Amino acid sequence: MHSILFIVFLPLVAAAIAGLGNRSLGVVPAKVITTGALFVSCLLSWPIFIGYLSGSAEATVTPVLHFITSGTFDVSWALRVDALTAVMLVVITSVSALVHLYSWGYMAEDPDQPRFFAYLCLFTFAMLMLVTADNLIQMFFGWEGVGLASYLLIGFWFRKPSANAAAIKAFVVNRVGDLGFMLGIFGTYLVFNTVSIPAILAAAPSMAGSTIGFLWFRADTMTVLCLLLFVGAMGKSAQLGLHTWLPDAMEGPTPVSALIHAATMVTAGVFMVCRLSPMFETSPTALGFVTFIGAATCLFAATIGTTQTDIKRVIAYSTCSQLGYMFFAAGVGAYGAAMFHLFTHAFFKALLFLGAGSVIHAMHHEQDMRYYGGLRKEIPVTFWAMLLGTLAITGVGIYGIGGFAGYHSKDAIIEVSWAAGSPVASMVGVFAALLTSFYSWRLMFLTFWGKPRWAASKHIQHAIHDAHGHGHDHAGDQAHAADHEVHEHGKQAEHHHGDVAHEDAGHTPRVETRGFNEIPVGTGGYHPHESPLPMLIPLIVLSIGAVAAGFTFHGWFIEPDAGERFWKGAIAFNEHLMHSMHEVPLLVKLSATIVMLTGLLIAWASYIRSPSTPAKAADTFQPIYRFLLNKWYIDELYNFLFVRPAFAIGRLLWHKGDEGTIDRFGPNGSAWLVQVGSRVAGRVQTGYVYTYAFVMLIGLTAAVTWAIAG
Amino acid sequence: MNGFPILSVMLAVPAIAAVACLFLSAQTARTTALAATLVNLALGVVLWLNFDVGGAQWQFVENAPLFGRFGWALGIDGYALLLIALSVFLMPICIGASWHAIEKRVPEYMSAFLFTEVLMIGTFAAQDIFLFYIFFEAGLIPMFLIIGIWGGANRIYASYKFFLYTLLGSLLMFIAMLYMSITANTTSIPVLMAYDFPAHVQTWLWLAFFASFAVKMPMWPVHTWLPDAHVQAPTAGSVILAGVLLKLGGYGFLRFSLPMFPEASAQLTPLIFGLSAVAVIYTSLVALVQADMKKLIAYSSVAHMAIVTIGLFAFNAQGIEGAMMVMLGHGLVSGALFLCVGVIYDRLHTREIARYGGLAINMPRYAIFFLLFTMASIGLPGTSNFVGEILSLMGAYQVSTWTALLCTTGIILGAAYMLYLYRRVVFGEIKSDEVRAMSDLSGRELWLLAPIAAVVLWMGVYPESFLAPMRKDTQVLLARINRAQPAGDSKPTRGTGIIPSAHAEPAHDNPASGEAH
């Protein structure tokens, strides 16, 4: 099983070649090497996954290198492959390979392509290290590695202040989660005297019922450890409270959003909880918290998703919400269902993002859906792909027969949480499914149906009135992005040398709140083009996943017997719970489908049948609408609570603490000392140094004499 | 080494070159200094290769009685080996960094640097307490000169502050040393390391040493000399100050305070933890608002050094070895960061962050190196600082969860101020023509940064090379101080194996135990 070495390290080698070679290597070689490496990794990953599907594969650990030994603390670099890893391997390498290919088209005009592809490859390597980790330290290595890659890719267009602010925000907010993760690792080592994952999981059940001191209180040991680790998961997976970085991360190029901020990195938290599931199983309190956070995020993010107008932000909040589903599935003990939703979500969400990228590409970088409309016939392949993605995410299917990917995975979560005795979580899931259906169809209707509203878009006008006359073909995203900046961030730009607080406030929604129906209809003479083939192929491949991933794989992931054989103890697979999932009331089983149809109907009624409805509703429920549009004002709250005080306290400590107190009463203390100091210093530049040396030597001589005499 | 006095040779080479430099022309002095430091680097490699890892505690021992009990006693253990290696590694880089930047009184400058090298190696190799004292205190004299003569506009104030702080600390330490040598009737450091002073005496002695080491470290609140010293020092001065001189305090705690006064160390651990936790948060917040690049990195050094002190006083292997790793890692990374500042200072002659921006556009190679060192400073896994930080914090957690929590916030604040710095300097649009005119790294600058980058990654990926030499010393030290080890505040009780009453979990009739196998 040494193919795993190639799977993991080929992307690293490719990243190093493309990154260090950079422009001297040339764009095409850089793209060929990185994309080639990923396709090889992908081809090597599928046989491993198939091995687990057939039940023939056993878990393996491939040692790589010694890492840290200190006292009894001992960790090595090693690559662990089991069923859980195998699932992640195919998700990561497949989506990554497709995103690499897609980027050939999407990034074609960017002068910095080698750097972009190197970052993508570096990300893939770090993510693979994360999922193959055999100990918590290596997992943390991958965890931080993907954080670095995410930071670099969000800030890829580094001339844009908003992209830089978003990149820093992503890194720093993730670090808040990492604080919990690190303390969790410390506590785990303290309790188990090891950070090896199999050893911890084996010892965890016997530690149930123990108590531990933490800060000022004593509490159940496993609860403390699990909650600390879960804080890390919340940061990486953008759960309620630590979610604020994810929507801003949309500043990065769209392929990045698809790979990192939808399909792979943000699911690392779910992966972590599943990987450590036997540990979480020992603490019902921690699981309860996971369920609560998951359900709350699921609902919260979906509510915001219904009001956003930026196509990428809608999908970002949708991602946040879907991650919530995965967490509450894990929280009720259905880790198989959580991983199943992770798996299907990776395909349909990557599809939606790449589809959105294709739309944005066609619409000359306009991201506001209010300026779309009627694109169905202009970009048919993109339309069909996104339609399939929407059918998958909203969970279209027929009871007893089957359906698109989300139908199998999301409905399983709703049912299993009911079966596990968490009807509240289940009902929250159902309500969130209603919202999901609404915002997903809203996106589709605004983008592809209705009349074109392109003429009013500044981006489109820009394209049409481009002095160089090459309409669609603009000179590089950097230049364009910078140009874009002038329109959108004029107010912020003047501050951007001053206080970071202004920029870390997050991407404030556009000031104008016109409804889409108030925007004048017209194409402005613009003709959107369908994307080139490298962008369409990934869309087509992912469409297949969005259609088929659900009914093809649900047996192995969530069905009691097949699941037990597939997972082979890689997660705490609860066969009994998965059985009882099928015994929930029929109404529960149908509820997801019912609300899916309801959401579709509401969206259709509001955006197709009577387009004035949304504006009226927004007027009628003005406070709620504002609250949602401004994302519950959480960015503003954090800014007020953390960012501004940090700067203010820093300034205070510097001027009043260091300068005003320590220096004043210390070195500058008495006037006498200052006088002596400046007199000596003034006379001979460095005179007192000699005095010092002299005093020291005299003292030393005296001392040595004394010591010898004594 | 068959009796070859390699440590004395390593002291002699730069000492002779330092004297010689004074009589040479500027260009010859540069070449001589570079040659001498490279020879010492080669000797350092020989030293390391011949060091018997896991062998005798003290190796390469030399002992020549001078008069009375006072002798030329040298010898190193693993800790000293690593710090000597750090010193000889950074020295040629410092000379290279001063190649064009220093124009006035070049022979004297080179001489001062070479003397610094002698005194640093001497400090780490000394086995006699007074020999140590001479090297330790005299080591600061060339630094005073470097800041005072070749420093920036406000150099007098900076070196004056540096001087005042240091003087106070060293006087107290000196008195303590005197007392110790008389009471124990020896000046040998290895003997003193096994000598048991009465507990109440230990406290006073500990505090006297603390006065000196806390300033050198520097610990909050006696850190205010550092930002000024860094800001005024020439680039290479900052590199050696951050790279090696700041390690003297940590080395002192490790060599004197812990093994000689174990009871006092345990008793005063809360003081160390308290000051360190304050330092991490306080100086990180101050770093966040700095407008001067060097000041920002200087404040970040104080925060990093606080991680060293909590590790040292954690009384366990992870803490102590982690503290050493942070010292080594910080020596490389902050040295490299000062070099990075020096590179652009040489071009634009300002350290003001706001004057820069958009360097990624015209200095892409520089941007890569600066990014690597920024990430290393943040403690990203795969770089040197991560290994040290995680071990050190892990060690501290076993003693005090509060300390670990407060100090781990440094990873958040550290990311904030370093990325904010990087973003203002490297990202964004180029704002002025003078910045646009800046050229990317020259060959010389590449040669200064690339070796550090390589070692930073090496330490991050395979730290065993650096952990192995000190493993034995840590065991010896722990065996010595174990009797005073403070109890942690975690105290986990034995598990019952019974999962606490589940709420709303009826489906779990067979808890996870079955799945774990």
Side-chain angles (χ1 to χ4, degrees), chain A residues 66 68 70-71 73 141 144 158-159 164 168 171-172 175-176 179 182 186 190-191 201-202 205-215 220-221 278 281-282 284 420-422 497 500 569 572 576-577 647 649-651 653-654 658 662-663 667 677 681 685-686 689 693 696 703-704 707-708 710, chain B residues 68 70 130 137 141 144-145 148 156 160-161 164 178 181-182 221 224 282 285-286 288-289 317-318 321 354 360 380-381 387 391 394 397-398 401-402 404 408 411-412 415-416 419-420 423 427 429 463-464 489-493 495-500 502 504-507 511-513 515-516:
Chain A
H66 193 94
I68 305 175
S70 175
F73 179 79
F141 168 85
E144 295 287 279
F158 61 80
R159 299 182 189 216
N164 291 327
I168 294 185
F171 200 97
V172 173
R175 278 263 156 152
V176 177
L179 170 74
M182 278 177 84
F186 301 157
L190 179 95
V191 171
L201 300 187
S206 66
M207 279 309 287
S210 130
T211 64
I212 195 168
F214 184 70
L215 305 184
D220 180 64
T221 304
E281 284 291 301
T282 60
S422 302
H497 306 309
V500 73
H576 183 87
L577 177 62
F647 279 87
I649 295 171
R651 243 172 248 122
L653 292 176
W654 180 27
D658 271 21
I662 299 174
D663 280 355
Q685 256 186 355
T686 52
V689 174
M696 193 192 89
V704 170
I708 297 161
Chain B
F70 181 70
F130 290 112
E137 296 299 344
I141 296 175
F144 292 142
L145 297 173
I156 300 301
Y160 154 70
K161 224 169 163 181
L164 259 190
L178 221 56
S181 62
I182 293 163
T224 62
Y282 182 114
L285 288 172
V286 175
L288 199 55
V289 296
Q318 291 85 43
E321 293 181 355
L380 200 79
V387 179
L391 285 175
M394 179 179 276
Y397 185 93
Q398 293 168 47
T401 48
W402 266 114
T408 311
I411 68 163
I412 304 170
L419 293 181
Y420 185 38
R423 172 257 181 99
F427 289 156
E429 284 287 358
E464 178 62 14
D489 60 359
S490 291
K491 299 193 195 72
T493 59
T496 57
I498 300 163
I499 295 175
E505 298 277 309
S513 56
E515 312 291 339

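Since the model is a prediction, treat every value here as computed from it, not as a measurement. Every chain is numbered from 1, with letters handed out A, B, ... down the list of sequences.
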A:Ser210 versus B:Gly495, closest heavy-atom pair with distance: CB-CA, 3.6 Å
Minimum side-chain heavy-atom gap A:Phe171-B:Leu380 below 4.5 Å: yes
Side-chain heavy-atom pair B:Glu464, A:Ile68 within 4.5 angstrom cut-off: no
Largest heavy-atom contact set with chain B, pairs under 4.5 Å, which of A:Leu215, A:Ile212, A:Val191, A:Val176: A:Leu215
Counterpart residues, side-chain hydrogen bond (donor to acceptor under 3.5 Å, both in side chains), relative to B:Ser490 (two or more places apart): none
Shortest non-hydrogen separation from B:Ala415 to A:Arg175 and the atoms involved: CB-CG, 4.1 Å
Reported CE-to-OG1 distance for the pair A:Met182 and B:Thr408, which is rounded to 0.5 angstrom: 5.5 Å
Heavy-atom check, side chain of B:Pro492 versus side chain of A:Thr211, under 4.5 Å: no
Top of B:Val387, B:Thr401, B:Asp489 for chain A proximity - count of heavy-atom pairs under 4.5 angstrom: B:Thr401
Non-hydrogen side-chain atoms of A:Phe73 and B:Met394 separated by less than 4.5 Å: yes
Side-chain donor/acceptor of B:Arg423 to backbone N/O of A:Asn164, under 3.5 Å: no
Short side-chain to backbone donor-acceptor contact, B:Gln398 and A:Leu190, under 3.5 Å: no
Nearest-0.5 Å distance, CD1 of residue A:Ile168 to CZ of residue B:Phe427: 8.5 Å
Inter-residue atom distance B:Ile499.CD1 - A:Met207.CE, 0.5 Å rounding: 13.0 Å
Heavy-atom pair of closest approach, residues B:Ala317 and A:Ser70: O-OG, 3.4 Å
Heavy-atom contact with chain A under 4.5 Å, split by part of B:Leu419: both
Heavy-atom side-chain proximity of B:Tyr397 to A:Phe214 below 4.5 angstrom: yes
